[in-house]
Colleague: 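Dumping the structure here so I can ask a few things about it.
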Amino acid sequence: MKQITDFPNLPLGLLPTPLYRLENLSRELGRNLYIKRDDLMGVALGGNKVRKLEFLLADARSKGADVVLTAGGPQSNHAMLTAACAARLGMEAILVLKKRGVLEGGNLILDRIFGAEVRFVDTDSYDDVYGEMDRLMEDLRRQGRTPYFIPVGGSVPLGCLGYVNCAKEIANQAEELGVAFDAIVSATGSGGTYAGLTLGAKLFLPGTQSVGIGVCDDPFEEIAYDLMEGTARLLEWDGPVEREDIHIRYHIGPGYAVPSPEGTAAVERLARTEGVLVDPVYTGKALAGLLQLLEEGCFGEEENVLFVHTGGAGALFAV
Ligand SMILES: *Cc1c(COP(=O)(O)O)cnc(C)c1O
């Protein structure tokens, strides 16, 4: 098996990110809740995409890329963080975004501050977005440029390595704290974070269940399985990737990127108990999903549950 350190990586994030017990919320709920602060990543407003970009942009650089293209919704955290990381590396970023949903404020402001070129495509389908990206990359090549393509969310096996590595980080921190986590819970939007964490849990956190809370209605059981397989192959790990390892719940509310009452309540609850901001699109809904699981009696008083805070605060300012 290969080591994660065998893959080129640009140290863009400040790692390890903090991991600690949510004392007030744990007391209120009568459970043991911990948080992994991947919102505190030292780039822009932080967030999970930085861990993926450390590997993806290292690959881009090794291929001589001078411009990186990625896709997303108009408030994409991934696109914004790609712009931030590309700026730091002296690469140009072109963000091709779906012209749907909230088109002002939030991450769109940050995209411009980071100097990215933003292009909108008026469509519901990523096929159209990718078609436009193909055309743009053709043009760039004709101008003698070297573009690098990153799909939505950076959810390809190379990006997933970032979260295999996060699971390893969690294992080290758990040992330092003297706790064993029964479950780690994370938001799932394009599947890469969950796939990486779930494969990483198999490797470094045996006995820890990885639970993903889907925030859109894509079939994440399938998506995560395929990404886990691809990532295992990349690592030349020949152990089994099993469907039994995959635990997906959904908290979509009225729709992707549309706030839900439970998600909004979760944003306020974490802010008012712990002074920590989650967002209405991903982490607020994931926390709402976790609170729902606790209400259903999942995870007892003796069990330790880790919530992986994947970032997203920019969405709180989208108008
Ligand atoms: C992208 C994102 C997620 C979901 O991660 P995926 O790897 O796309 O499933 C979760 N939280 C935030 C804040 C994100 O930006």
Side-chain angles (χ1 to χ4, degrees), residues 17 35-41 43-56 70-85 95 97 106-107 110-111 126 150-167 184-200 210-228 230-231 246 248-252 256-257 263 266-267 270 276-290 307-318:
T17 56
I35 193 166
K36 173 72 170 160
R37 297 290 304 273
D38 271 12
D39 57 323
L40 300 179
M41 197 75 86
V43 180
L45 302 180
N48 57 344
K49 303 313 180 311
V50 177
R51 288 190 192 265
K52 299 179 181 187
L53 289 164
E54 288 195 339
F55 290 96
L56 294 168
T70 199
Q75 291 297 333
S76 167
N77 299 308
H78 164 69
M80 181 275 286
L81 286 167
T82 301
C85 293
L95 313 178
L97 309 179
N107 285 322
L110 302 181
D111 294 341
Y126 276 112
I150 301 177
V152 173
S155 283
V156 287
L158 192 61
C160 294
L161 283 184
Y163 271 87
V164 176
N165 203 35
C166 180
I184 52 178
V185 179
S186 58
T188 306
S190 64
T193 299
Y194 178 73
L197 279 173
T198 307
L199 184 65
S210 170
V211 180
I213 311 286
V215 299
C216 51
D217 60 7
D218 293 335
F220 287 118
E221 289 83 358
E222 289 308 310
I223 293 168
Y225 184 82
D226 290 346
L227 284 170
M228 283 171 68
T231 311
I246 297 173
I248 304 281
R249 295 270 304 219
Y250 288 86
H251 183 96
I252 303 166
Y256 170 69
V267 169
L270 194 67
V276 173
L277 291 173
V278 285
D279 78 278
V281 180
Y282 291 99
T283 43
K285 286 183 176 176
L287 183 59
L290 169 56
F307 179 69
V308 181
H309 187 335
T310 44
L316 289 167
F317 308 100

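Both counts, for ligands and for their atoms, begin at 1 and track the order of listing.
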Colleague: List the steps and the verdict of side chain to side chain donor-acceptor pair (under 3.5 Å) for Lys49 and Ser76.
Modeller: CA-CA 10 Å; Lys49 303 313 180 311; Ser76 167; over 6 Å; no

Colleague: Quick check on ligand 1: any N or O pairs to the protein under 3.5 Å? One line per pair.
Modeller:
unit_1, atom_1, unit_2, atom_2, d
ligand 1, 5 (O), Asn48, ND2, 2.9
ligand 1, 5 (O), Thr193, OG1, 3.4
ligand 1, 7 (O), Lys52, NZ, 2.6
ligand 1, 7 (O), Gly192, N, 3.4
ligand 1, 7 (O), Thr193, N, 2.9
ligand 1, 7 (O), Thr193, OG1, 2.7
ligand 1, 8 (O), Ser190, N, 2.9
ligand 1, 8 (O), Ser190, OG, 2.5
ligand 1, 9 (O), Gly189, N, 2.8
ligand 1, 9 (O), Ser190, N, 2.9
ligand 1, 9 (O), Gly191, N, 2.8
ligand 1, 11 (N), Thr310, OG1, 2.6
ligand 1, 15 (O), Lys49, NZ, 2.9
ligand 1, 15 (O), Asn77, ND2, 2.8

Colleague: Between Lys36 and Thr17, does the side chain to side chain donor-acceptor pair (under 3.5 Å) criterion hold? Intermediate values first, please.
Modeller: CA-CA 7 Å; Lys36 173 72 170 160; Thr17 56; 3.0 Å; yes

Colleague: Per the side-chain contact (heavy atoms from CB on, under 4.5 Å) rule, which among Ile246, Leu227, Leu199 passes with Tyr194?
Modeller: Ile246

Colleague: To the nearest 0.5 Å, tell me how far Ile184 CD1 sits from Cys166 SG.
Modeller: 7.5 Å

Colleague: Please name all residues satisfying side-chain contact (heavy atoms from CB on, under 4.5 Å) with Asp111, sequence neighbours left out, ordered by chain then number.
Modeller: Met80, Leu95, Leu97, Leu108, Val118

Colleague: Determine whether the side chains of Thr310 and Asp38 contain a donor N or O and an acceptor N or O closer than 3.5 Å.
Modeller: no

